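Let me begin by presenting the structure, written as structure tokens, before commenting on it.
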Amino acid sequence: MRRLNWSDVTPKPLWLNRRQIIAGTAALMAGPALAKIEAAPSKYSTDAEPNSFEDITSYNNFYEFGTGKEDPAAYAGGLTTDPWSIVIDGLVERPGTYDLSDVLKGQPLEERIYRFRCVEAWSMVVPWIGFQLSGLLDRVGVQPSAKFVAFETLVRPEEMPGQSSPFIEWPYREGLRLDEAMHPLTIMATGLYGEEMPKQNGAPIRLVVPWKYGFKSIKSIVRISLTDKMPPTTWNMLQPSEYGFYSNVNPNVDHPRWSQASERRIGSGLFGGRQDTLMFNGYEAEVAGLYAGQDLAVDY
Ligand SMILES: Nc1nc2c(c(=O)[nH]1)N[C@H]1C(S)=C(S)[C@@H](COP(=O)(O)O)O[C@H]1N2
Ligand SMILES: [Mo]
């Protein structure tokens, strides 16, 4: 059976009409129904056409469930995401273990259509639902000495079969400099396409940093720590010569084993084919100022 793309059923002007999105998705989706989320459209969205829900939820990287692109969709279904809490600690005024509902409290949800680019040189456009990380950090109170934010994913090998392999030193870890974390483009995402976050995409809550390679956007977060030292990060620990702390999308700095000058947009036909990779994934006007005076070939 031919799977319809979002754009086949939904004319562009209706994308931001929540009722239309929900009606269209409900009719197309097989499998368990996810909770619907109301979110306002965001001025930070790109006008690029989103990939289909099918593409976004069937071609994933989530090594906790295996290394294959189909593994997350196949094996993430058994992950328990309710209850869920996040430890927020380190250099903060109000450290604690926060229930997910507390984390979300008072944070305005928006739909943000972002370009998303994996370091493996494929890309998608994803209509995330989320809120600015800065809103959460402001609420817990960042101490003046904090310079970085470290994130950790859940460790639960009973539900995450990929964690039985020691290839990664679990938990999956990521980090941002504080100014990157506070940037308005940096969001905590709790859903996509108007749905609660699918498990393969990092339910119930994950980071999205659209100007960096996809591996910085850590999934299923259980800990956020404010620190004064650059934190260890999973891919940098595995292969420091290939993956730096910053990992900004940069077509001028190649990966040691392949070019980063172009990318393959996932999805055939309408979206298929290669395209040039844009500096900072197209967000140069917004974020270049964060790196003034840094040599991005050194700070890769
Ligand atoms: N915890 C965790 N987060 C992760 C990963 C992972 O393996 N584990 N993979 C990263 C990589 S390499 C990419 S490209 C994106 C993929 O996000 P998506 O599957 O929602 O497209 O998630 C990132 N976040
Ligand atoms: Mo990636």
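Predicted model, so just to flag it, every value in this text is computed and none were measured. Computed from heavy atoms alone, side chains included, the values below leave out hydrogens, waters and symmetry copies. Just so you know, ligand 1 is whichever comes first in the structure, and atom 1 is the first atom listed for that ligand.
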To atom 13 (C) of ligand 1, the nearest of Gly214, Cys118, Pro72 on a heavy-atom basis is Gly214

For ligand 1 and [X], I'd like to know whether there is a polar contact (N/O to N/O, distance under 3.5 Å).
X      : value
Asn61  : yes
Asn201 : yes
Trp122 : no
Trp235 : no

Per side-chain contact (heavy atoms from CB on, under 4.5 Å), Ile218 is matched among Val208, Val209, Leu207, Thr234 by Leu207

Next on the checklist: Tell me whether the rings of Tyr193 and Phe53 are parallel (<30°), tilted (30 to 60°) or perpendicular (>60°).
Outcome noted: tilted

* To do: Name the orientation class of the two ring planes belonging to Trp258 and His255 (parallel below 30°, tilted from 30 to 60°, perpendicular beyond 60°).
  => parallel

Identify each donor-acceptor pair in which a side-chain atom of residues 118-132 lies under 3.5 Å from a protein atom, sequence neighbours left out, and give them as a table.
{"from": "Glu120", "atom 1": "OE1", "to": "Asn61", "atom 2": "ND2", "distance (Å)": "2.7"}
{"from": "Glu120", "atom 1": "OE1", "to": "Lys69", "atom 2": "NZ", "distance (Å)": "3.3"}
{"from": "Glu120", "atom 1": "OE1", "to": "Trp122", "atom 2": "NE1", "distance (Å)": "3.2"}
{"from": "Glu120", "atom 1": "OE2", "to": "Lys69", "atom 2": "NZ", "distance (Å)": "3.0"}
{"from": "Ser123", "atom 1": "OG", "to": "Glu263", "atom 2": "OE2", "distance (Å)": "2.9"}
{"from": "Ser123", "atom 1": "OG", "to": "Arg265", "atom 2": "NE", "distance (Å)": "3.2"}
{"from": "Gln132", "atom 1": "OE1", "to": "Arg112", "atom 2": "NH2", "distance (Å)": "2.9"}
{"from": "Gln132", "atom 1": "NE2", "to": "Ser134", "atom 2": "OG", "distance (Å)": "3.2"}

Between side-chain atoms of residues 146-153 and protein atoms elsewhere (two or more places apart, or another chain), which donor-acceptor pairs fall under 3.5 Å?
{"from": "Thr153", "atom 1": "OG1", "to": "Lys219", "atom 2": "O", "distance (Å)": "2.7"}

Give the numbers and elements of all ligand 1 atoms closer than 4.0 Å to a heavy atom of [X].
X      : result
Ser217 : 22 (O), 23 (C), 24 (N)
Ile218 : 3 (N), 24 (N)
Thr153 : 1 (N)

- prompt: Counting distance only, does the side-chain N/O of Tyr172 pair as donor-acceptor with the main-chain N or O of Val155 below 3.5 Å?
  reply: no

Looking only at protein heavy atoms, what sits closest to atom 18 (P) of ligand 1 is Lys219 NZ, 3.4 Å

